[in-house]
Peer 1: 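Starting off with a structure, shown below.
Residue numbers begin at 1 in each chain, while the letters A, B, ... track the order of the sequences.
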Amino acid sequence: MHKHQFIKQDCNCTKRATIWVCKFCETKEYRSLQEIKRLPPHQAECRHQDAPQVSPDERFKGLLGGTFDCLASEEQG
Amino acid sequence: MPDARILIVEDEPVTRLEIAARLKHLGYTVAEMAFGGEEAVHKAGRVKPDLVLMDITLASDLDGIEAAAAIRERFAIPVVYLTADSQPETLERAKITGPFGYLVKPFDNPDLRSAIEIALYKHQLDLQLQQSEDRYRTIFENAMVGIYRSTLEGRFLSANAAMAGMLGYDSPEQLIDGVRNIEQQMYAEEDRRTEFLDLLRARGSIEHFESRVFGRDGDVLWITESARLMRSNGSWHIDGTVIDISARKEAESAYKSTFELLGRTIDAIPDLVAVADLEGNVILANTAFAQAFGLAKDEVRAHRYQDLVHEGEPLSPVSEESHERKIWSSSLNVRFQENVSPFKDLQGAIIGAVRVLRNII
């Protein structure tokens, strides 16, 4: 399974929830930072072949109700 | 307060001196005297008397009422009006300045003393009330938890900075202006606000009511609310406190997920698996173990391992190393290969055992 890698559409936006764009498939989501880092499987999955694969651990836990961190690395703290 | 310092404001010189003499006779100190409004305001600011006796009809730039208003506003010094004029219009004007009393001329010494003492006492009460209000306001504004007052219809009447900040607003005023309907704008789940109000109306108060709410920017957070239904000025309102518990909810979710993983792991094992403490109390068991003894998984925890597996037999000891032995389960009439492995706490001390029973045919 591939997962989205979201970046802020407006990198200067200071709102707590804002528009995020997947840098691979360009899917948009209006979420807070906390939500982007904890997306359920159906919202985390990316169809683009170049999007990163989820780790086996993440995938397995996702099947038990776990969430996926879809924040792109360049957005990380 | 016999040594109170009093400013006399009277434009008639004879009357002014007479009042001064009477005050001294009564044991008060004449802090200053003034004959006009402007002078009175200036002297009040300079000498800061405990009280002002103000002729209501000064024939000067500022009349007595205007001077009294200025003194109250700038210096918060109590004013007692001296008046021979009891015209309703004059009294109406005078009332607005918040006087601490009236003395109608001519007045005797007991009247003068009573008016002064009552005015000073009321002023002290006012100061205490103001201090109390200031303390409350400081607590309200600086509290780390969100505090609010709202109408039953869903408008905020007041809120502190913590409440506004929690929801993403820059100030309490922005929160109060921005949220016109708490039910529609805040609660993520439909009917959650209705449930909150129903409980509040039924009990008068509510504690630890957890809800998902939207912040100003549409982000979602978890809050816990405690509130009370209050009545004032003839109408009902809600006074409440709010704490952001999003982090706690996140931790609970992660814990639940991990526990789910553990539970399903041991449920997948066909052998009978139980985790028991050193006395044999079952802490955790898999489905196979529970089903073997005709119990639900949560029912197993009410039993001791040795009572379920081999009644009357002592619990096999647990040691640093895993060990195996063959046992006969009198309750199931089955021979098992029992494997006992130590279960240790974070410091490495043995606190129980993982006991696995494999059917021996």
Peer 1: What pair of heavy atoms forms the shortest contact from B:G218 to A:A17, and how long is it?
Peer 2: C-CB, 3.8 Å

Peer 1: More than 12 heavy atoms of other residues, nucleotides or ligands under 6.0 Å from CZ of B:F343: is that the case?
Peer 2: no

Peer 1: Which value, rounded to the nearest 0.5 Å, describes the distance between B:R216 atom CZ and A:K15 atom NZ?
Peer 2: 7.5 Å

Peer 1: Taking atom CD of B:E210 as the centre, report whether more than 12 heavy atoms of other residues, nucleotides or ligands fall under 6.0 Å from it.
Peer 2: yes

Peer 1: Rounded to the nearest 0.5 Å, how far does CD1 of A:I36 lie from CG of B:D219?
Peer 2: 12.5 Å

Peer 1: A:R16 and B:L167: which non-hydrogen atoms are nearest, and at how many Å?
Peer 2: NH2-C, 3.5 Å

Peer 1: Atom CZ of residue position B:R264 - does it have more than 12 heavy atoms of other residues, nucleotides or ligands inside 6.0 Å?
Peer 2: no

Peer 1: Measure distances from A:R31 to the heavy atoms of chain B and classify the residue's part below 4.5 Å as side chain, backbone, both or neither.
Peer 2: neither

Peer 1: Counting only heavy atoms not in B:E190, do more than 12 fall under 6.0 Å of its CD?
Peer 2: no

Peer 1: Is there a side-chain contact between A:E35 and B:V220 (heavy atoms, below 4.5 Å)?
Peer 2: yes

Peer 1: Give a yes or no on whether B:F259 atom CZ has more than 12 heavy-atom contacts from other residues, nucleotides or ligands under 6.0 Å away.
Peer 2: no

